[in-house]
Amino acid sequence: MNAKKELELYIEELRTLVKKRGLKNSAQREQILQVLFLAKEHLTPEEIHQRVKKLNPSIGLATVYRTLSFLEKEHLVNSISFGNESKKYELNRGEHHDHMICLECGKILEFYDEELERLQEAIAQKASFKLLTHELILYGICPKCQSK
Ligand SMILES: [Zn+2]
Ligand SMILES: [Zn+2]
């Protein structure tokens, strides 16, 4: 599928959801989704704001924050928390993954490990805990920063 077609599908999904919630369509919401779709990395609300301003110069940071929390609540985007720093966001592309964060440069690496996924399910099951979702973040120093 080409990128344009893929973006249209995300926008379509958003419109359906907005309608279901009885909200009005907003170009701003779609522009923010587009920025996240095009991003190769995880972005802070400020970075998203910088990028979305190129599509819509009048959009404010407060709108970006509000829209991100809406999109996250609706599972269209995911966020990663950085201690007391701000969150970073990424589009939910439907493929679960976990993260490693470098404490020196802030770089985020993604990983997926089937065995680890299974292990978490087994741990929950043993505790009669109904697992719905999980977030796993490994904090450390990336190879580049180690070699400094
Ligand atoms: Zn680093
Ligand atoms: Zn990620």
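Read the numbers this way: they start at 1 and go in the same order the structure lists the ligands and their atoms.
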message: Check this for me: Glu95, atom CD, are more than 12 non-hydrogen atoms of other residues, nucleotides or ligands nearer than 6.0 Å?
response: no

query: Has the side chain of Asn92 got a donor or acceptor atom that lies under 3.5 Å from a matching backbone atom of His75?
result: yes

Using 4.0 Å as the upper bound for N to carboxylate O, is an ion pair formed by [Y] and [X]?
X     : Y     : answer
Glu30 : Arg15 : yes
Arg51 : Glu47 : no
Lys88 : Glu41 : no

- line: Within a distance under 2.8 Å of the Zn ion (ligand 1), the protein atoms of type N, O or S are Cys102 SG, Cys105 SG, Cys142 SG, Cys145 SG

- request: Output, by chain and residue number, all protein N/O/S atoms separated from the Zn ion (ligand 2) by less than 2.8 Å.
  value: His42 NE2, Glu90 OE1, Glu90 OE2, His97 NE2, His99 NE2, Glu110 OE2

field: Flag side-chain contact, heavy atom, 4.5 Å: Ile80 against Ile101
entry: yes

query: Are any non-hydrogen side-chain atoms of His99 and Glu135 less than 4.5 angstrom apart?
result: no

- prompt: Can a cation-pi geometry be assigned to Arg93 and Phe37, taking NZ or CZ under 6.0 Å from the six-membered ring centre and within 45° of the ring axis?
  reply: yes

query: What pair of heavy atoms forms the shortest contact from Cys102 to Ile141, and how long is it?
result: SG-CA, 4.0 Å

